[in-house]
Amino acid sequence: MTRLSQLLLPTEREPPADAEAISHKLMVRAGLVRQLGTGLWSWLPAGWRVHQKVVQIIREEIDAIGGQEMLMPVLQPADAWRKTGRYEIDELLKLQDRKGAEMVLAMTHEECVTTHVAQVVRSYRDLPFSVYHFQTKERDEPRPRAGVLRTREFIMKDAYTFDRDEAGLDVAYEAYARAYDRIFERTGLEWYSVESDVGMMGGSGAHEYMAPCAAGENEVALAPGYAANVEIASAEPQPVDVSAPLDAPERVHTPDATTVEAVARLLDVPAGALLKAFPIVVDDGAGRAGGLVLVVVRGDHRVNEIKLANALGAPWRPAREDEIADKIGPPGFIGPVGATVPILLDEAVGDGGYVAGANERDHHLRGVQPGRDFAFERVDVRKVEAGDTVGGTPITLEPAIEVGNIFKLGTRYSVPLGATYLDVDGREQPIVMGSYGIGPARIVAAAVEQFADEKGIAWPRALAPWDVEVVALGKPGSDELAAAEGLCRELRTIGLDVLLDDRDAGPGAKFADAELLGCPLRLTVGRRSLQDGRAEAQIRRGLRSVEGGIPLEGAADAVAELWRTLP
RNA sequence: CGGGAUGUAGCUCAGCCUGGUAGAGCACCGCGUUUGGGACGCGGGGGUCGUCGGUUCGAAUCCGGCCAUCCCGACCA
């Protein structure tokens, strides 16, 4: 039992002046966390209890699938990071020790764990296995934000699997996916897993675990049976009226109409009947090096930069105005017809006569038919929009916090770091890896975001810093306080964590703080209820009062029964 | 890295335009009263006004540099 009179719980009436996100405001107001600097947060006792509840849930579920907990250092020699190419990442914090040796502060632990595995694993008999730890990550984020949602230092559960081959990785990946399902289900969060981008560094599959909430940094496309990060989402476009193609493109005068909106208005066609040309320069050695490429999407659509990079299989940048003017046409009036550069045409562009830039100042072309009037390569590079359909059902887009991810790394790290084994035939093979992250702090913040109301936080049972807060209304030394202490002892017998508000404060202050802190159940012992031999009970989620409260005689049974019904 | 904003007491802010004794509410300390929804009275403590420099007889206030923090965007293994 924790006595509030002894607890370091600095609650505030007002949120920090510059806070925006609900979780930022409430976690500070409730005395859970305090800021030290940009993106640097201390967890105060009550907040740390919540964090550790999340950690314990994760630990139990990863242990259950055979993960082995260990611990690796944050401060690491730069050497392995140079070998994997990650030394160049801007977010990586670099420093020197007193001897001048290059060191880094780890942002994840692939380099470290793979280095060890390279030394230790010799034979296919040593595989597969999985290890994990909870450890601080350091990232020199360009823009930390929203309290503990995006910080420069945070604790991550990162797990790694090591397998003989892709088939083994698939099994491990699936086991982690099921463990993650159980973890997020146990937290009480609203969550879902989505397909996600595997990034430029390869990897053959990835999922993100998302907690929807207003402060989320990611956008997720949702339809029944479909959930994907908008970074990679695909959907059927909404229909648009496109006129029939003309026998040949017709040149029309469109003075100063350099935007889709202006052209659509001038020619009285929907924006979707235009072809939007997006010139880029692809940065690879595969025949397109240094060359311009024209990406063409429907006029009412936008290019999704990540989908484009994935379609190209290479980095790219927008073309500069001089490059466009030089190779294609006057900026604002460029189009695919007659362009001498490769053309990528988005899937959402169907048959029909489109309006496109004429590659001539103040002119567009009408009745342009893809295929007939220009050659193209078909790609899916547009950003999906709310109302697009998947399997006939419209999708919605909603913001979400990424609270976890699972990733098939393959041999991305084992090859540069020499993590190999000898197979049954005595041949050397690279170990096939997976990595699996969860950010407990984000789970905490997401829970605050999802369940807060105007009074404060309303924790899910599994995460609350204490299960029950007992509010004693009397002064220190009063009958009410004595009865409240007795009640706390009762509750301990059924394994509940109890916080007792034994402060010398008015009822208003105690109730307000209890609702701010958000323990799932509040029991109040005051003069009134004491006369009846009862404690009043309020369920925090929804602020529902329990009819008649609970009897002080036999409180353990009554509360145990009530507890089972709480969210 | 671009754009915007803010730095005055522990917190939320006023004062700055128009230079002249540094303020309020809450919080805190003492005494007393009070105890079912953030009490009341009386008394009290607490601030290099982010920082460095400039202008001025005199700077929280005007000017400049720097630093810090927040928001939007870019970025995000």
Side-chain angles (χ1 to χ4, degrees), chain A residues 10-21 24-25 28-29 31 34-40 81 84-93 104-112 114 137-147 149-152 154 156 158 160 196-203 206 208 215 217-218 229 231 305-306 309 315 317-318 401-402 405 407 409 412-413 433 435-437 439 455-456 471-481 501 503-516 522 524-531 535-536 538 543 545 549:
Chain A
T11 57
E12 297 285 348
R13 280 180 105 118
E14 311 238 16
D18 42 26
E20 293 282 324
H24 184 185
K25 292 177 179 174
V28 173
R29 282 192 58 211
R34 282 276 158 143
Q35 184 173 16
L36 186 64
T38 305
L40 298 171
W81 294 76
T84 61
R86 292 214 295 172
Y87 190 74
E88 305 308 321
I89 293 173
D90 289 334
E91 283 74 26
L92 183 66
L93 279 157
V104 306
L105 297 174
M107 53 199 304
T108 55
H109 282 75
E110 279 86 356
E111 278 79 3
C112 179
T114 309
K137 304 290 179 261
E138 304 284 351
R139 295 180 188 184
D140 196 0
E141 289 283 352
R143 184 153 116 72
R145 60 176 291 274
L149 228 45
R150 184 166 209 84
T151 56
R152 291 195 290 178
F154 61 97
M156 178 189 275
D158 42 325
Y160 305 92
S196 70
D197 181 36
V198 295
M200 295 305 299
M201 286 306 195
E208 289 167 338
E217 299 186 293
N218 293 86
N229 195 317
E231 289 175 349
E305 303 190 352
I306 291 171
R317 62 170 172 83
I401 300 178
E402 181 188 348
N405 60 49
F407 198 99
L409 286 175
R412 162 75 180 82
Y413 292 89
M433 293 173 55
S435 78
Y436 315 84
K455 298 285 191 182
V471 174
L473 284 184
K475 283 160 123 45
S478 65
D479 291 346
E480 291 96 312
L481 187 56
D501 191 346
R503 295 174 301 174
D504 182 11
K510 291 184 178 183
F511 291 144
D513 274 351
E515 282 153 7
L516 179 58
R522 186 183 83 194
T524 303
V525 181
R527 201 180 334 111
R528 278 191 222 149
S529 71
L530 198 52
Q531 282 172 354
E536 288 155 27
Q538 184 203 61
L543 295 171
S545 288

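Keep in mind it's a predicted model, so treat the numbers as computed, not measured. A note on names: the letters A, B, ... follow the listed sequences, proteins ahead of strands, and every chain is numbered from 1.
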Could you report the tightest heavy-atom contact between A:M107 and A:R139, atom names first, then the distance? O-NH2, 2.9 Å
Residues A:T151 and A:E141: closest non-hydrogen pair is O-CG, 3.6 Å
Is the base of [N] touched by the side chain of [X] through a donor-acceptor pair closer than 3.5 angstrom?
{"X": "A:R522", "N": "B:G37", "answer": "yes"}
{"X": "A:E515", "N": "B:G38", "answer": "no"}
{"X": "A:R139", "N": "B:A77", "answer": "yes"}

Rounded to the nearest angstrom, tell me the gap between atom [atom1] in [X] and atom [atom2] in [N].
{"X": "A:L40", "N": "B:C70", "atom1": "CG", "atom2": "C1'", "answer": "15 Å"}
{"X": "A:R29", "N": "B:U12", "atom1": "CZ", "atom2": "C1'", "answer": "12 Å"}
{"X": "A:E12", "N": "B:C26", "atom1": "CD", "atom2": "C1'", "answer": "10 Å"}
{"X": "A:L36", "N": "B:U69", "atom1": "CG", "atom2": "P", "answer": "10 Å"}
{"X": "A:F511", "N": "B:G36", "atom1": "CZ", "atom2": "P", "answer": "9 Å"}

Base, sugar-phosphate, or nothing for [X], non-hydrogen atoms under 4.0 angstrom?
{"X": "A:G37", "result": "sugar-phosphate"}
{"X": "A:P10", "result": "nothing"}
{"X": "A:Q35", "result": "sugar-phosphate"}
{"X": "A:A146", "result": "sugar-phosphate"}
{"X": "A:D90", "result": "nothing"}
{"X": "A:Y87", "result": "nothing"}

Pairwise [atom1] distance for [N] and [M], with rounding to whole Å:
{"N": "B:G32", "M": "B:G47", "atom1": "C1'", "value": "30 Å"}
{"N": "B:G3", "M": "B:U8", "atom1": "C1'", "value": "27 Å"}
{"N": "B:U61", "M": "B:G20", "atom1": "C1'", "value": "11 Å"}
{"N": "B:A27", "M": "B:U12", "atom1": "P", "value": "15 Å"}
{"N": "B:C49", "M": "B:G44", "atom1": "C1'", "value": "23 Å"}

May I ask you to decide whether A:E515 forms a salt bridge with A:R522, counting only side-chain N to carboxylate O separations under 4.0 Å?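 A:R522 and A:E515: salt-bridged.
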Thinking salt bridges, do A:R34 and A:E12 make one under a 4.0 Å N-O criterion? yes
Residues forming a side-chain hydrogen bond (donor to acceptor under 3.5 Å, both in side chains) with A:T108, sequence neighbours excluded: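 A:R86, A:E110.
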Heavy-atom side-chain proximity of A:K137 to A:H109 below 4.5 angstrom: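 In short, these two side chains touch, coming nearer than 4.5 Å.
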Could you write out each protein N or O paired with an N or O of nucleotides 33-35 of chain B at a distance under 3.5 Å?
from: B:U34; atom 1: O4; to: A:K475; atom 2: NZ; distance (Å): 3.1
from: B:U35; atom 1: O2; to: A:A505; atom 2: O; distance (Å): 3.3
from: B:U35; atom 1: O4; to: A:K475; atom 2: NZ; distance (Å): 2.6
from: B:U35; atom 1: O4; to: A:D504; atom 2: OD1; distance (Å): 3.1

Can you tell which of B:C75, B:A77, B:G38 lies closest to the side chain of A:A509?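 So the side chain of A:A509 is nearest to B:G38.
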Respond yes when some side-chain nitrogen or oxygen of A:S435 is under 4.0 Å from OP1 or OP2 of B:A77, and no when none is. no
In this structure, which one of A:D501, A:T524, A:V525 forms a side-chain contact (heavy atoms from CB on, under 4.5 Å) with A:L473? A:T524
